[in-house]
Amino acid sequence: MSEVLVIGGAGYIGSHVVKDLLAAGFKVKVYDNLSTGHKCNLFKEAEFVKGDILDFATLDKAMSDVSAVVFLAAKKAVGESMENPAKYALNNINGTVNVLNAMSKNNVKAIVFSSSAAVYGNPQYIPIDENHPLNPLNFYGFTKVETERMLEWYDRLKGIKYASLRYFNAAGYDEAGDIKGKDENPQNLLPIVMSAAMGERPYLEVFGTDYDTEDGTCIRDYIHVSDLAKAHVLAVKKLLAGSSSMTLNLGTGKGTSVKEVIRAFEKVLKIKLPVKYASRRPGDPDKLYASNEEAFKQLGWRPQYLDIEDIVRTFAAVYMK
Ligand code: UFG
(Lines give C-alpha, C1' and ligand atoms only; values in the text may rest on other atoms or scores of the structure.)
Protein backbone atom coordinates (compact mmCIF):
# COMPACT_ATOMS: atom_id res chain seq x y z
CA MET A 1 0.00 0.00 0.00
CA SER A 2 1.24 3.49 -0.81
CA GLU A 3 2.79 5.57 1.93
CA VAL A 4 1.51 9.11 2.48
CA LEU A 5 3.56 11.75 4.29
CA VAL A 6 1.26 14.07 6.23
CA ILE A 7 3.16 17.27 6.98
CA GLY A 8 1.35 18.91 9.88
CA GLY A 9 -0.32 15.63 10.79
CA ALA A 10 -0.43 16.38 14.53
CA GLY A 11 -2.46 19.54 13.97
CA TYR A 12 -6.18 20.18 14.03
CA ILE A 13 -7.04 19.30 10.44
CA GLY A 14 -3.99 17.09 9.88
CA SER A 15 -4.90 14.66 12.66
CA HIS A 16 -8.37 14.18 11.16
CA VAL A 17 -6.76 13.54 7.76
CA VAL A 18 -4.39 10.95 9.29
CA LYS A 19 -7.31 9.13 10.89
CA ASP A 20 -9.12 8.85 7.55
CA LEU A 21 -6.01 7.88 5.57
CA LEU A 22 -5.36 5.05 8.03
CA ALA A 23 -9.00 3.97 7.82
CA ALA A 24 -8.68 3.92 4.01
CA GLY A 25 -5.72 1.53 4.34
CA PHE A 26 -2.82 3.87 3.60
CA LYS A 27 0.52 3.61 5.33
CA VAL A 28 0.96 7.01 6.98
CA LYS A 29 3.99 8.93 8.18
CA VAL A 30 3.38 12.13 10.15
CA TYR A 31 5.89 14.98 9.92
CA ASP A 32 5.30 17.75 12.45
CA ASN A 33 7.38 20.15 14.55
CA LEU A 34 4.70 20.09 17.30
CA SER A 35 4.65 23.89 17.44
CA THR A 36 0.87 23.91 17.36
CA GLY A 37 0.23 20.21 16.85
CA HIS A 38 -0.26 17.87 19.80
CA LYS A 39 1.42 14.59 20.67
CA CYS A 40 -1.98 13.29 21.80
CA ASN A 41 -3.20 13.73 18.20
CA LEU A 42 -0.74 11.13 16.91
CA PHE A 43 -2.04 7.70 15.96
CA LYS A 44 0.07 4.73 17.00
CA GLU A 45 -0.50 3.14 13.57
CA ALA A 46 1.32 6.04 11.89
CA GLU A 47 5.06 6.57 12.02
CA PHE A 48 6.03 9.94 13.51
CA VAL A 49 8.97 12.13 12.52
CA LYS A 50 9.48 15.28 14.56
CA GLY A 51 10.75 17.84 12.12
CA ASP A 52 10.34 21.32 10.75
CA ILE A 53 9.61 22.13 7.12
CA LEU A 54 12.46 24.65 7.25
CA ASP A 55 14.89 21.79 8.00
CA PHE A 56 15.52 20.46 4.50
CA ALA A 57 17.75 17.53 5.51
CA THR A 58 15.16 16.00 7.87
CA LEU A 59 12.36 16.63 5.40
CA ASP A 60 14.37 15.06 2.59
CA LYS A 61 15.02 11.96 4.67
CA ALA A 62 11.34 11.64 5.65
CA MET A 63 10.33 11.84 1.99
CA SER A 64 12.49 8.89 0.88
CA ASP A 65 9.84 6.19 0.50
CA VAL A 66 6.54 8.02 0.15
CA SER A 67 4.18 8.16 -2.83
CA ALA A 68 2.18 11.24 -1.91
CA VAL A 69 2.33 14.24 0.41
CA VAL A 70 -0.49 15.97 2.26
CA PHE A 71 0.87 19.37 3.18
CA LEU A 72 -0.96 21.15 6.00
CA ALA A 73 1.84 22.68 8.08
CA ALA A 74 1.52 26.47 8.03
CA LYS A 75 0.97 29.56 10.12
CA LYS A 76 -2.68 30.52 9.92
CA ALA A 77 -3.57 33.50 12.11
CA VAL A 78 -4.81 36.20 9.78
CA GLY A 79 -4.20 39.13 12.17
CA GLU A 80 -0.70 37.96 13.09
CA SER A 81 0.21 37.67 9.40
CA MET A 82 -0.34 41.41 9.01
CA GLU A 83 1.83 42.23 12.04
CA ASN A 84 4.59 39.74 11.38
CA PRO A 85 4.75 39.00 7.64
CA ALA A 86 8.33 37.69 7.94
CA LYS A 87 7.12 34.73 10.03
CA TYR A 88 4.47 33.93 7.41
CA ALA A 89 6.84 34.38 4.46
CA LEU A 90 9.36 32.07 6.08
CA ASN A 91 7.02 29.31 7.20
CA ASN A 92 4.41 29.38 4.48
CA ILE A 93 6.51 30.32 1.45
CA ASN A 94 10.04 29.10 2.21
CA GLY A 95 8.51 26.04 3.84
CA THR A 96 6.62 25.28 0.63
CA VAL A 97 9.78 25.66 -1.45
CA ASN A 98 11.48 23.08 0.78
CA VAL A 99 8.57 20.65 0.55
CA LEU A 100 8.44 20.90 -3.26
CA ASN A 101 12.22 20.59 -3.61
CA ALA A 102 12.30 17.56 -1.32
CA MET A 103 9.49 16.04 -3.39
CA SER A 104 11.38 16.69 -6.63
CA LYS A 105 14.56 15.19 -5.19
CA ASN A 106 12.73 12.06 -4.03
CA ASN A 107 10.57 11.74 -7.13
CA VAL A 108 7.28 12.17 -5.22
CA LYS A 109 4.64 13.19 -7.75
CA ALA A 110 1.48 13.96 -5.78
CA ILE A 111 0.66 16.66 -3.24
CA VAL A 112 -2.56 17.69 -1.53
CA PHE A 113 -2.23 21.25 -0.26
CA SER A 114 -4.17 23.13 2.45
CA SER A 115 -5.28 26.31 0.77
CA SER A 116 -7.91 28.70 2.01
CA ALA A 117 -10.90 30.80 1.02
CA ALA A 118 -8.67 33.68 2.14
CA VAL A 119 -7.24 33.61 -1.42
CA TYR A 120 -10.42 35.27 -2.73
CA GLY A 121 -10.63 38.39 -0.57
CA ASN A 122 -13.85 40.36 -0.81
CA PRO A 123 -16.33 38.30 -2.79
CA GLN A 124 -17.43 39.80 -6.09
CA TYR A 125 -20.23 37.22 -6.21
CA ILE A 126 -21.49 34.35 -4.08
CA PRO A 127 -21.45 31.44 -3.89
CA ILE A 128 -17.74 31.75 -4.68
CA ASP A 129 -16.50 29.29 -7.27
CA GLU A 130 -12.89 28.46 -8.12
CA ASN A 131 -12.83 30.93 -11.02
CA HIS A 132 -13.46 33.86 -8.71
CA PRO A 133 -10.55 36.37 -8.93
CA LEU A 134 -7.83 35.98 -6.31
CA ASN A 135 -7.44 39.15 -4.31
CA PRO A 136 -6.32 38.32 -0.74
CA LEU A 137 -6.92 40.99 1.89
CA ASN A 138 -4.21 39.79 4.25
CA PHE A 139 -0.68 38.45 4.12
CA TYR A 140 -1.80 34.97 5.18
CA GLY A 141 -4.08 34.77 2.12
CA PHE A 142 -1.22 36.08 -0.05
CA THR A 143 1.03 33.20 1.10
CA LYS A 144 -1.68 30.74 0.01
CA VAL A 145 -1.98 32.37 -3.43
CA GLU A 146 1.80 32.28 -3.85
CA THR A 147 1.93 28.62 -2.86
CA GLU A 148 -0.78 27.79 -5.39
CA ARG A 149 1.29 29.56 -8.09
CA MET A 150 4.37 27.60 -7.05
CA LEU A 151 2.39 24.37 -7.29
CA GLU A 152 1.41 25.25 -10.86
CA TRP A 153 5.07 25.76 -11.81
CA TYR A 154 6.29 22.55 -10.15
CA ASP A 155 3.54 20.73 -12.02
CA ARG A 156 4.73 22.19 -15.34
CA LEU A 157 8.44 21.83 -14.66
CA LYS A 158 8.66 18.77 -12.43
CA GLY A 159 5.47 16.86 -13.16
CA ILE A 160 4.24 17.09 -9.55
CA LYS A 161 0.45 16.84 -9.59
CA TYR A 162 -1.43 18.77 -6.94
CA ALA A 163 -4.83 19.13 -5.37
CA SER A 164 -5.13 22.55 -3.82
CA LEU A 165 -8.02 22.49 -1.38
CA ARG A 166 -9.45 25.88 -0.46
CA TYR A 167 -11.03 25.45 2.96
CA PHE A 168 -13.81 27.73 4.08
CA ASN A 169 -14.35 27.98 7.87
CA ALA A 170 -13.08 24.69 9.31
CA ALA A 171 -15.03 23.69 12.42
CA GLY A 172 -15.97 20.79 14.70
CA TYR A 173 -14.10 17.69 15.86
CA ASP A 174 -14.02 13.98 15.17
CA GLU A 175 -17.33 12.58 16.37
CA ALA A 176 -15.80 9.35 17.68
CA GLY A 177 -13.56 11.37 20.01
CA ASP A 178 -10.33 9.92 18.60
CA ILE A 179 -8.72 13.35 18.30
CA LYS A 180 -8.01 14.74 21.73
CA GLY A 181 -5.91 17.87 21.17
CA LYS A 182 -7.75 21.17 20.90
CA ASP A 183 -6.96 23.69 18.20
CA GLU A 184 -5.35 26.56 20.04
CA ASN A 185 -6.74 29.32 17.90
CA PRO A 186 -8.88 31.61 19.99
CA GLN A 187 -9.31 34.14 17.16
CA ASN A 188 -11.96 32.06 15.45
CA LEU A 189 -15.62 32.40 16.25
CA LEU A 190 -16.39 28.87 17.45
CA PRO A 191 -13.56 28.57 20.01
CA ILE A 192 -14.37 32.09 21.23
CA VAL A 193 -18.04 31.26 21.73
CA MET A 194 -17.00 28.09 23.53
CA SER A 195 -14.66 29.94 25.88
CA ALA A 196 -17.44 32.42 26.70
CA ALA A 197 -19.77 29.48 27.34
CA MET A 198 -17.23 27.98 29.73
CA GLY A 199 -16.81 31.25 31.63
CA GLU A 200 -13.22 31.69 30.45
CA ARG A 201 -14.10 35.12 29.15
CA PRO A 202 -16.76 37.46 30.53
CA TYR A 203 -18.65 37.83 27.28
CA LEU A 204 -18.59 37.21 23.58
CA GLU A 205 -18.34 40.11 21.15
CA VAL A 206 -20.30 40.10 17.92
CA PHE A 207 -18.35 42.13 15.40
CA GLY A 208 -20.99 44.14 13.59
CA THR A 209 -24.77 43.93 13.44
CA ASP A 210 -25.32 46.25 10.49
CA TYR A 211 -24.17 43.99 7.66
CA ASP A 212 -26.25 43.45 4.57
CA THR A 213 -27.62 40.11 5.81
CA GLU A 214 -30.97 39.02 7.20
CA ASP A 215 -30.03 39.40 10.88
CA GLY A 216 -27.26 41.99 10.31
CA THR A 217 -24.35 39.68 11.28
CA CYS A 218 -21.74 38.15 8.99
CA ILE A 219 -22.38 34.95 7.13
CA ARG A 220 -19.74 32.24 6.77
CA ASP A 221 -19.54 28.69 5.49
CA TYR A 222 -18.66 26.37 8.42
CA ILE A 223 -17.30 23.10 7.14
CA HIS A 224 -16.81 20.14 9.46
CA VAL A 225 -13.22 18.99 9.79
CA SER A 226 -14.18 15.33 9.19
CA ASP A 227 -15.73 16.35 5.88
CA LEU A 228 -12.49 18.17 5.04
CA ALA A 229 -10.53 15.03 5.94
CA LYS A 230 -12.62 12.88 3.59
CA ALA A 231 -11.87 15.21 0.69
CA HIS A 232 -8.12 14.83 1.33
CA VAL A 233 -8.33 11.05 1.12
CA LEU A 234 -10.32 11.25 -2.12
CA ALA A 235 -7.78 13.72 -3.54
CA VAL A 236 -4.81 11.50 -2.60
CA LYS A 237 -6.49 8.52 -4.27
CA LYS A 238 -7.30 10.48 -7.41
CA LEU A 239 -3.78 11.90 -7.77
CA LEU A 240 -2.20 8.48 -7.19
CA ALA A 241 -4.47 7.11 -9.90
CA GLY A 242 -2.82 9.53 -12.35
CA SER A 243 -5.20 12.48 -12.35
CA SER A 244 -4.16 15.93 -13.49
CA SER A 245 -3.94 18.74 -10.95
CA MET A 246 -7.01 20.39 -9.44
CA THR A 247 -8.03 23.36 -7.31
CA LEU A 248 -11.18 22.88 -5.27
CA ASN A 249 -13.30 24.78 -2.78
CA LEU A 250 -14.20 22.81 0.32
CA GLY A 251 -17.30 24.30 1.91
CA THR A 252 -20.88 23.28 2.54
CA GLY A 253 -22.32 25.80 0.10
CA LYS A 254 -24.49 27.02 2.96
CA GLY A 255 -24.10 30.25 4.89
CA THR A 256 -24.59 30.63 8.65
CA SER A 257 -24.68 33.97 10.45
CA VAL A 258 -22.83 34.81 13.67
CA LYS A 259 -26.18 35.03 15.48
CA GLU A 260 -27.15 31.59 14.17
CA VAL A 261 -23.86 30.18 15.49
CA ILE A 262 -24.59 31.70 18.90
CA ARG A 263 -28.13 30.31 18.89
CA ALA A 264 -26.81 26.85 17.98
CA PHE A 265 -24.43 26.92 20.97
CA GLU A 266 -27.22 28.08 23.27
CA LYS A 267 -29.47 25.27 22.10
CA VAL A 268 -26.84 22.53 22.25
CA LEU A 269 -25.40 23.62 25.61
CA LYS A 270 -28.77 24.73 27.03
CA ILE A 271 -27.36 28.02 28.28
CA LYS A 272 -27.74 31.72 27.63
CA LEU A 273 -24.50 33.23 26.35
CA PRO A 274 -23.20 36.61 27.51
CA VAL A 275 -23.14 38.60 24.27
CA LYS A 276 -21.96 42.16 23.55
CA TYR A 277 -22.71 43.75 20.23
CA ALA A 278 -19.59 45.54 19.04
CA SER A 279 -18.53 47.40 15.92
CA ARG A 280 -17.34 45.72 12.75
CA ARG A 281 -13.94 44.05 12.59
CA PRO A 282 -11.98 45.62 9.71
CA GLY A 283 -11.75 43.53 6.56
CA ASP A 284 -14.73 41.22 7.21
CA PRO A 285 -16.89 40.65 4.10
CA ASP A 286 -20.61 40.41 4.88
CA LYS A 287 -21.25 37.05 3.21
CA LEU A 288 -18.85 34.30 2.24
CA TYR A 289 -19.86 30.83 1.17
CA ALA A 290 -18.63 28.33 -1.34
CA SER A 291 -19.81 26.70 -4.45
CA ASN A 292 -18.69 23.10 -3.86
CA GLU A 293 -19.81 21.72 -7.22
CA GLU A 294 -16.26 21.32 -8.53
CA ALA A 295 -15.26 19.13 -5.56
CA PHE A 296 -18.30 16.97 -6.29
CA LYS A 297 -17.43 16.76 -9.98
CA GLN A 298 -13.77 15.96 -9.41
CA LEU A 299 -13.91 13.85 -6.26
CA GLY A 300 -17.54 12.87 -5.81
CA TRP A 301 -17.27 14.71 -2.47
CA ARG A 302 -20.31 15.95 -0.62
CA PRO A 303 -20.13 17.24 2.97
CA GLN A 304 -22.18 15.31 5.51
CA TYR A 305 -22.46 17.96 8.24
CA LEU A 306 -24.88 20.55 6.93
CA ASP A 307 -26.49 21.63 10.19
CA ILE A 308 -24.51 24.05 12.37
CA GLU A 309 -25.98 22.43 15.50
CA ASP A 310 -24.37 19.11 14.59
CA ILE A 311 -21.03 20.84 14.07
CA VAL A 312 -21.37 22.65 17.40
CA ARG A 313 -22.23 19.36 19.14
CA THR A 314 -19.00 17.69 17.98
CA PHE A 315 -17.10 20.84 18.94
CA ALA A 316 -18.58 21.10 22.43
CA ALA A 317 -17.96 17.39 23.12
CA VAL A 318 -14.19 17.92 22.98
CA TYR A 319 -14.28 20.98 25.24
CA MET A 320 -16.70 19.56 27.82
CA LYS A 321 -14.53 16.50 28.55
N1 UFG B 1 -16.59 37.00 14.92
C2 UFG B 1 -17.27 37.68 15.93
N3 UFG B 1 -16.71 37.68 17.17
C4 UFG B 1 -15.53 37.08 17.46
C5 UFG B 1 -14.85 36.39 16.42
C6 UFG B 1 -15.42 36.37 15.16
O7 UFG B 1 -18.32 38.25 15.72
O8 UFG B 1 -15.07 37.16 18.60
C9 UFG B 1 -17.19 36.95 13.57
C10 UFG B 1 -16.28 37.55 12.50
O11 UFG B 1 -16.48 38.94 12.42
C12 UFG B 1 -16.76 36.79 11.27
C13 UFG B 1 -17.19 35.42 11.81
O14 UFG B 1 -17.36 35.61 13.21
O15 UFG B 1 -17.89 37.42 10.75
C16 UFG B 1 -16.15 34.35 11.57
O17 UFG B 1 -14.90 34.82 12.02
P18 UFG B 1 -13.60 33.91 12.11
O19 UFG B 1 -12.49 34.78 12.61
O20 UFG B 1 -13.89 32.66 12.85
O21 UFG B 1 -13.35 33.45 10.60
P22 UFG B 1 -13.07 34.29 9.28
O23 UFG B 1 -14.24 34.06 8.39
O24 UFG B 1 -12.71 35.68 9.55
O25 UFG B 1 -11.75 33.59 8.73
C26 UFG B 1 -11.64 32.19 8.62
C27 UFG B 1 -10.24 31.73 8.94
C28 UFG B 1 -9.27 32.18 7.90
C29 UFG B 1 -9.76 31.80 6.55
C30 UFG B 1 -11.15 32.25 6.32
C31 UFG B 1 -11.63 31.70 5.03
O32 UFG B 1 -9.82 32.21 10.22
O33 UFG B 1 -8.04 31.55 8.12
O34 UFG B 1 -11.99 31.80 7.35
O35 UFG B 1 -12.92 32.02 4.76
F36 UFG B 1 -8.97 32.36 5.64
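First listed ligand is number 1; within each ligand, the first listed atom is number 1.
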Item to check | For Cys218, the ligand 1 atoms whose distance to one of its heavy atoms is below 4.0 Å | outcome: 15 (O)
Checklist entry - Can you name the one residue among Pro133, Pro136, Pro285 that meets side-chain contact (heavy atoms from CB on, under 4.5 Å) with Asn122? => result Pro285
Item to check | For Ala117, atoms of ligand 1 separated by under 4.0 Å from a heavy atom | outcome: 31 (C), 35 (O)
Checklist entry - If we only count N/O pairs under 3.5 Å, is Asn188 in contact with ligand 1? => result yes
Checklist entry - Should the heavy atoms of other residues, nucleotides or ligands under 6.0 Å from CD of Glu214 be counted, would the total exceed 12? => result no
Next on the checklist: Under a 4.0 angstrom heavy-atom cut-off, which atoms of ligand 1 come close to Leu288?
Outcome noted: 35 (O)
Checklist entry - Counting from 1, what ligand 1 atoms have a heavy atom of Ala118 closer than 4.0 Å? => result 31 (C), 36 (F)
Item to check | Proximity flag Tyr120 to ligand 1, non-hydrogen atoms under 4.0 Å | outcome: no
Checklist entry - For residues 88-99, which residue pairs qualify under salt bridge (charged side-chain N to carboxylate O under 4.0 Å, His left out), counting only residues two or more places apart or in two chains? => result none
Checklist outcome for this item: Among Lys76, Arg281, Lys287, closest by heavy atom to atom 17 (O) of ligand 1 is Arg281
Item to check | Proximal atoms of ligand 1 relative to Tyr222 (non-hydrogen, under 4.0 Å) | outcome: 13 (C), 16 (C)
Next on the checklist: Heavy atoms only, cut-off 4.0 Å: how does Arg280 contact ligand 1, side chain, backbone, both, or neither?
Outcome noted: neither
Next on the checklist: Using the side-chain contact (heavy atoms from CB on, under 4.5 Å) definition, which of the options Leu165, Leu299, Val112 pairs with Met246?
Outcome noted: Leu299
Next on the checklist: Under 6.0 Å between ring centres: does that hold for Tyr12 and Tyr173?
Outcome noted: yes
Checklist outcome for this item: For Val206, the ligand 1 atoms with a heavy-atom partner under 4.0 Å come out as 7 (O)
Checklist outcome for this item: A student checking ligand 1 against Ile192 at a 4.0 Å heavy-atom cut-off should list atoms 5 (C), 8 (O)
Item to check | Residues Asp178 and Lys19 bridged, charged N to O under 4.0 Å | outcome: yes
Next on the checklist: Less than 4.0 angstrom from a charged side-chain N to a carboxylate O is my criterion; do Arg263 and Glu266 meet it?
Outcome noted: no
Item to check | Glu205 neighbourhood, listing ligand 1 atoms whose heavy-atom distance to it stays under 4.0 Å | outcome: 2 (C), 3 (N), 4 (C), 7 (O), 8 (O)
Checklist outcome for this item: Output for pair (Arg313 CZ, Leu269 CG), nearest 0.5 Å, gives 10.0 Å
Checklist entry - Are Asp155 and Lys161 close enough for a salt bridge, meaning some N to O gap below 4.0 Å? => result yes
Item to check | Nearest neighbour of atom 30 (C) of ligand 1 from the list Leu137, Asn138, Asn169, on a heavy-atom basis | outcome: Asn169
Item to check | Leu189-ligand 1 polar pair, N/O distance under 3.5 Å | outcome: yes
Item to check | Face-on cation placement of Lys259 at Tyr277 ring, 6.0 Å and 45° thresholds | outcome: yes
Item to check | Among Thr209, Asp284, Val193, Ile223, closest by any non-hydrogen atom to atom 10 (C) of ligand 1 | outcome: Asp284
